[in-house]
Amino acid sequence: GAGVSQSPRYKVAKRGQDVALRCDPISGHVSLFWYQQALGQGPEFLTYFQNEAQLDKSGLPSDRFFAERPEGSVSTLKIQRTQQEDSAVYLCASSLGTRAQETQYFGPGTRLLVL
Amino acid sequence: AQSVTQLGSHVSVSEGALVLLRCNYSSSVPPYLFWYVQYPNQGLQLLLKYTSAATLVKGINGFEAEFKKSETSFHLTKPSAHMSDAAEYFCAVSGGSQGNLIFGKGTKLSVKP
(Lines give C-alpha, C1' and ligand atoms only; values in the text may rest on other atoms or scores of the structure.)
Protein backbone atom coordinates (compact mmCIF):
# COMPACT_ATOMS: atom_id res chain seq x y z
CA GLY A 1 0.00 0.00 0.00
CA ALA A 2 0.90 3.64 -0.17
CA GLY A 3 3.24 5.12 2.36
CA VAL A 4 2.97 8.42 4.17
CA SER A 5 2.53 11.32 1.79
CA GLN A 6 2.98 15.02 2.41
CA SER A 7 2.09 18.10 0.43
CA PRO A 8 3.33 20.42 -0.74
CA ARG A 9 6.87 19.07 -1.05
CA TYR A 10 8.28 22.60 -1.20
CA LYS A 11 6.83 25.84 0.05
CA VAL A 12 8.27 29.32 -0.17
CA ALA A 13 6.55 31.89 2.02
CA LYS A 14 7.12 35.53 2.68
CA ARG A 15 7.68 36.46 6.29
CA GLY A 16 4.33 37.02 7.93
CA GLN A 17 2.35 34.69 5.66
CA ASP A 18 0.34 31.77 6.98
CA VAL A 19 1.11 28.28 5.65
CA ALA A 20 -0.63 24.91 5.87
CA LEU A 21 1.20 21.62 5.50
CA ARG A 22 -0.70 18.41 4.86
CA CYS A 23 0.07 14.85 5.91
CA ASP A 24 -1.70 11.71 4.68
CA PRO A 25 -0.70 8.84 6.97
CA ILE A 26 -0.81 5.18 6.13
CA SER A 27 -4.42 4.04 6.18
CA GLY A 28 -5.45 2.61 9.53
CA HIS A 29 -2.54 4.03 11.46
CA VAL A 30 -3.66 5.29 14.83
CA SER A 31 -0.63 7.39 15.76
CA LEU A 32 0.59 10.44 13.89
CA PHE A 33 3.65 12.55 14.70
CA TRP A 34 5.01 15.83 13.36
CA TYR A 35 8.72 16.64 13.48
CA GLN A 36 10.76 19.66 12.48
CA GLN A 37 14.19 19.14 10.93
CA ALA A 38 16.45 22.17 10.70
CA LEU A 39 19.34 22.14 8.24
CA GLY A 40 22.09 19.81 9.40
CA GLN A 41 20.15 18.63 12.44
CA GLY A 42 18.15 15.62 13.47
CA PRO A 43 14.36 15.82 13.50
CA GLU A 44 12.76 17.31 16.59
CA PHE A 45 9.35 16.32 17.89
CA LEU A 46 6.53 18.82 17.53
CA THR A 47 3.25 17.10 18.31
CA TYR A 48 1.45 13.74 18.56
CA PHE A 49 -2.06 12.57 17.68
CA GLN A 50 -3.80 9.37 18.67
CA ASN A 51 -6.64 9.17 16.20
CA GLU A 52 -8.20 12.65 16.31
CA ALA A 53 -6.96 13.50 19.80
CA GLN A 54 -3.89 15.68 20.13
CA LEU A 55 -2.28 14.14 23.18
CA ASP A 56 1.04 15.94 23.17
CA LYS A 57 1.91 19.34 21.76
CA SER A 58 4.87 20.00 23.99
CA GLY A 59 7.26 20.40 21.05
CA LEU A 60 5.40 23.16 19.25
CA PRO A 61 7.80 26.11 19.38
CA SER A 62 5.23 28.86 19.72
CA ASP A 63 1.53 29.58 19.65
CA ARG A 64 1.93 30.36 15.95
CA PHE A 65 2.05 26.61 15.34
CA PHE A 66 -1.21 24.70 15.28
CA ALA A 67 -1.97 21.12 14.23
CA GLU A 68 -5.17 19.20 13.75
CA ARG A 69 -6.39 15.76 12.70
CA PRO A 70 -10.16 16.18 12.79
CA GLU A 71 -11.23 12.78 11.45
CA GLY A 72 -8.33 10.74 12.70
CA SER A 73 -6.63 10.39 9.34
CA VAL A 74 -5.28 13.40 7.43
CA SER A 75 -3.44 15.97 9.52
CA THR A 76 -2.60 19.60 8.87
CA LEU A 77 0.17 21.61 10.47
CA LYS A 78 -0.48 25.32 10.26
CA ILE A 79 2.04 28.03 10.89
CA GLN A 80 0.74 31.54 11.30
CA ARG A 81 2.75 34.69 10.64
CA THR A 82 5.79 32.73 9.48
CA GLN A 83 9.25 33.84 10.60
CA GLN A 84 12.62 33.09 9.04
CA GLU A 85 13.47 30.73 11.89
CA ASP A 86 10.54 28.55 10.80
CA SER A 87 12.51 27.54 7.69
CA ALA A 88 13.02 23.79 7.99
CA VAL A 89 11.81 20.45 6.71
CA TYR A 90 8.60 19.34 8.36
CA LEU A 91 8.27 15.58 8.61
CA CYS A 92 5.17 13.59 9.33
CA ALA A 93 5.26 10.01 10.59
CA SER A 94 2.59 7.47 11.40
CA SER A 95 2.54 4.18 13.29
CA LEU A 96 -0.03 1.42 13.48
CA GLY A 97 -0.56 1.39 17.22
CA THR A 98 0.33 3.43 20.26
CA ARG A 99 3.18 1.53 21.87
CA ALA A 100 6.50 3.27 22.28
CA GLN A 101 8.39 0.57 20.39
CA GLU A 102 6.30 0.79 17.25
CA THR A 103 7.96 1.60 13.98
CA GLN A 104 7.23 5.09 12.70
CA TYR A 105 6.90 5.45 8.94
CA PHE A 106 7.99 8.81 7.63
CA GLY A 107 6.78 10.88 4.74
CA PRO A 108 9.18 12.70 2.39
CA GLY A 109 8.70 15.97 4.23
CA THR A 110 7.75 19.51 3.29
CA ARG A 111 10.66 21.87 2.86
CA LEU A 112 9.58 25.33 4.02
CA LEU A 113 11.62 28.39 3.16
CA VAL A 114 10.57 31.68 4.71
CA LEU A 115 12.00 34.74 3.02
CA ALA B 1 14.88 12.43 30.18
CA GLN B 2 16.17 10.49 27.22
CA SER B 3 18.86 11.68 24.85
CA VAL B 4 21.08 10.38 22.08
CA THR B 5 24.61 11.33 21.10
CA GLN B 6 26.09 10.41 17.76
CA LEU B 7 29.86 10.63 17.63
CA GLY B 8 31.15 11.98 14.35
CA SER B 9 29.03 14.16 12.13
CA HIS B 10 30.80 12.82 9.07
CA VAL B 11 32.32 9.39 8.44
CA SER B 12 34.13 8.43 5.25
CA VAL B 13 34.98 4.85 4.28
CA SER B 14 36.20 3.08 1.18
CA GLU B 15 33.91 0.77 -0.73
CA GLY B 16 34.18 -2.70 0.80
CA ALA B 17 35.43 -1.43 4.16
CA LEU B 18 33.73 -1.82 7.52
CA VAL B 19 31.12 0.78 8.42
CA LEU B 20 30.88 1.78 12.09
CA LEU B 21 28.54 4.57 13.16
CA ARG B 22 28.48 5.33 16.86
CA CYS B 23 25.48 6.07 19.05
CA ASN B 24 25.29 6.48 22.81
CA TYR B 25 22.06 6.98 24.65
CA SER B 26 20.88 8.23 28.00
CA SER B 27 17.66 6.89 29.41
CA SER B 28 16.17 6.50 32.85
CA VAL B 29 14.11 3.54 31.72
CA PRO B 30 14.92 0.55 29.49
CA PRO B 31 15.16 2.17 26.09
CA TYR B 32 13.74 1.41 22.70
CA LEU B 33 16.41 2.37 20.15
CA PHE B 34 16.21 2.94 16.42
CA TRP B 35 18.48 3.59 13.47
CA TYR B 36 17.03 5.45 10.51
CA VAL B 37 18.63 6.32 7.16
CA GLN B 38 17.84 9.43 5.16
CA TYR B 39 18.70 9.79 1.50
CA PRO B 40 18.75 13.29 -0.03
CA ASN B 41 15.30 14.86 -0.33
CA GLN B 42 13.65 11.79 1.13
CA GLY B 43 12.05 10.90 4.43
CA LEU B 44 13.57 8.61 7.00
CA GLN B 45 13.59 4.86 6.50
CA LEU B 46 13.93 2.43 9.38
CA LEU B 47 17.08 0.31 9.28
CA LEU B 48 16.55 -1.58 12.53
CA LYS B 49 15.29 -1.25 16.07
CA TYR B 50 15.97 -2.63 19.52
CA THR B 51 12.93 -3.44 21.64
CA SER B 52 14.50 -5.44 24.51
CA ALA B 53 14.52 -8.80 22.78
CA ALA B 54 17.87 -9.88 21.29
CA THR B 55 20.74 -7.49 21.94
CA LEU B 56 22.16 -8.03 18.45
CA VAL B 57 19.68 -6.66 15.98
CA LYS B 58 19.84 -7.29 12.25
CA GLY B 59 18.32 -4.82 9.84
CA ILE B 60 17.92 -4.16 6.19
CA ASN B 61 20.71 -3.77 3.64
CA GLY B 62 23.17 -5.81 5.71
CA PHE B 63 23.26 -3.46 8.70
CA GLU B 64 23.23 -4.60 12.29
CA ALA B 65 23.55 -3.02 15.71
CA GLU B 66 24.35 -4.30 19.17
CA PHE B 67 22.71 -2.99 22.32
CA LYS B 68 25.25 -2.75 25.15
CA LYS B 69 23.65 -1.65 28.37
CA SER B 70 26.95 -1.40 30.25
CA GLU B 71 28.28 1.04 27.67
CA THR B 72 24.91 2.71 26.95
CA SER B 73 25.69 2.22 23.28
CA PHE B 74 23.87 1.09 20.16
CA HIS B 75 26.48 1.31 17.40
CA LEU B 76 25.56 0.54 13.80
CA THR B 77 27.82 -1.65 11.68
CA LYS B 78 28.02 -3.15 8.23
CA PRO B 79 30.89 -5.46 7.24
CA SER B 80 31.36 -4.14 3.72
CA ALA B 81 30.31 -0.68 2.53
CA HIS B 82 28.60 -0.18 -0.79
CA MET B 83 28.37 3.04 -2.74
CA SER B 84 24.60 3.01 -2.25
CA ASP B 85 25.11 3.25 1.53
CA ALA B 86 26.11 6.91 1.20
CA ALA B 87 23.42 8.77 3.15
CA GLU B 88 22.74 10.35 6.52
CA TYR B 89 22.10 8.05 9.47
CA PHE B 90 20.15 8.94 12.58
CA CYS B 91 20.06 7.15 15.90
CA ALA B 92 16.94 7.70 17.99
CA VAL B 93 15.48 6.72 21.33
CA SER B 94 11.79 6.46 22.02
CA GLY B 95 10.82 9.04 24.62
CA GLY B 96 7.55 9.68 26.31
CA SER B 97 4.71 7.25 26.84
CA GLN B 98 3.44 7.58 23.28
CA GLY B 99 6.81 6.98 21.67
CA ASN B 100 7.86 10.24 20.10
CA LEU B 101 11.43 9.80 18.87
CA ILE B 102 14.40 11.77 20.17
CA PHE B 103 17.05 11.90 17.47
CA GLY B 104 20.77 12.43 17.43
CA LYS B 105 22.26 15.06 15.16
CA GLY B 106 23.02 12.49 12.49
CA THR B 107 26.13 11.08 10.85
CA LYS B 108 26.73 11.59 7.16
CA LEU B 109 28.34 8.54 5.61
CA SER B 110 30.45 8.95 2.48
CA VAL B 111 31.69 5.92 0.53
CA LYS B 112 34.76 6.32 -1.66
CA PRO B 113 35.27 4.10 -4.71
Side-chain angles (χ1 to χ4, degrees), chain A residues 2-10 21 23-26 29-51 53-60 67 88-111, chain B residues 1-10 21-25 27-54 57 59-60 67 74 87-108:
Chain A
V4 178
S5 61
Q6 292 185 245
S7 61
R9 290 294 312 276
Y10 302 92
L21 313 180
C23 172
D24 284 82
I26 295 173
H29 276 199
V30 169
S31 295
L32 186 145
F33 302 81
W34 283 98
Y35 295 87
Q36 180 190 59
Q37 186 176 20
L39 191 64
Q41 301 295 317
E44 293 190 354
F45 169 74
L46 293 177
T47 188
Y48 166 70
F49 289 87
Q50 184 178 123
N51 295 309
Q54 188 176 19
L55 299 186
D56 188 342
K57 49 183 181 179
S58 62
L60 295 177
V89 176
Y90 291 86
L91 296 167
C92 174
S94 68
S95 63
L96 181 61
T98 60
R99 297 177 304 162
Q101 65 265 47
E102 303 240 4
T103 296
Q104 293 183 27
Y105 297 87
F106 283 80
T110 294
R111 185 177 297 274
Chain B
Q2 286 98 335
S3 66
V4 162
T5 301
Q6 291 184 243
L7 296 175
S9 59
H10 193 179
L21 304 182
R22 299 178 186 274
C23 173
N24 288 87
Y25 70 89
S27 178
S28 56
V29 297
Y32 300 123
L33 294 160
F34 304 77
W35 274 101
Y36 279 86
V37 61
Q38 186 175 37
Y39 297 99
N41 298 318
Q42 294 186 27
L44 285 80
Q45 179 184 10
L46 181 71
L47 282 175
L48 49 80
K49 65 179 179 180
Y50 167 75
T51 59
S52 73
V57 182
I60 62 171
F67 173 72
F74 190 57
E88 188 144 26
Y89 292 79
F90 292 94
C91 181
V93 62
S94 180
S97 57
Q98 71 273 6
N100 57 285
L101 296 173
I102 299 165
F103 287 88
K105 292 180 182 288
T107 297
K108 187 173 182 179

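Just so we're on the same page: letters track the sequence lines, and every chain starts at 1. All heavy atoms count here, side chains included; hydrogens, waters and symmetry mates do not.
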Handout entry: Top of Thr51(B), Leu33(B), Asn41(B) for chain A proximity - count of heavy-atom pairs under 4.5 angstrom
Key = Asn41(B)
Fill in the blank from the handout: One option among Gly104(B), Gly106(B), Gly43(B) has the most heavy-atom pairs under 4.5 Å with chain A, and it is Gly43(B)
Fill in the blank from the handout: Nearest heavy-atom contact between Ala100(A) and Ser94(B) is O-OG, 2.8 Å
Problem - Side chain / backbone / both / neither for Tyr10(A) at chain B, heavy atoms under 4.5 Å - result: side chain
Handout entry: Toward chain A, the part of Gln45(B) with a non-hydrogen atom under 4.5 Å
Key = neither
Handout entry: Atom OH of Tyr105(A) with >12 non-hydrogen neighbours under 6.0 angstrom
Key = no
Completion exercise
With chain B, the option among Gly42(A), Cys92(A), Gly109(A), Gly97(A) that has the most non-hydrogen atom pairs under 4.5 Å is Gly42(A)
Practice task
Report, as yes or no, whether the 6.0 Å neighbourhood of atom CG on Leu39(A) holds more than 12 heavy atoms from other residues, nucleotides or ligands.
Solution key: no
Handout entry: Interchain contact, Gln6(A) with chain B, by part (heavy-atom threshold 4.5 Å)
Key = neither
Practice task
Give a yes or no answer on whether the side chain of Gln101(A) reaches the backbone of Lys49(B) with a donor-acceptor pair at less than 3.5 Å.
Solution key: no
Problem - Top contributor to chain B contacts, counting heavy-atom pairs under 4.5 Å, from Leu91(A), Asp56(A), Val4(A), Thr47(A) - result: Asp56(A)
Completion exercise
Applying salt bridge (charged side-chain N to carboxylate O under 4.0 Å, His left out) to Glu44(A) and not counting sequence neighbours gives none
Handout entry: Any residue meeting side chain to side chain contact (heavy atoms under 4.5 Å, CB included) with Gln6(B), in chain and number order, not counting sequence neighbours
Key = Val4(B), Trp35(B), Phe90(B), Cys91(B), Thr107(B)
Exercise for the section: Might you confirm whether atom CZ of Arg9(A) has over 12 heavy atoms from other residues, nucleotides or ligands at distances under 6.0 Å? Expected result: yes
Exercise for the section: Heavy-atom distances under 4.5 Å only: say whether Phe34(B) touches chain A with side chain, backbone, both or neither. Expected result: side chain
Practice task
Decide yes or no for Tyr35(A) and Leu101(B): does some side-chain heavy atom of the first lie under 4.5 Å from some side-chain heavy atom of the second?
Solution key: yes
Problem - Heavy-atom side-chain contact between Leu44(B) and Gln104(A) under 4.5 Å - result: no
Practice task
Could you tell me the separation between the OG1 atom of Thr103(A) and the OH atom of Tyr32(B), rounded to the nearest 0.5 Å?
Solution key: 12.5 Å
Problem - Nearest-0.5 Å distance, CZ of residue Phe103(B) to CD of residue Gln41(A) - result: 13.0 Å
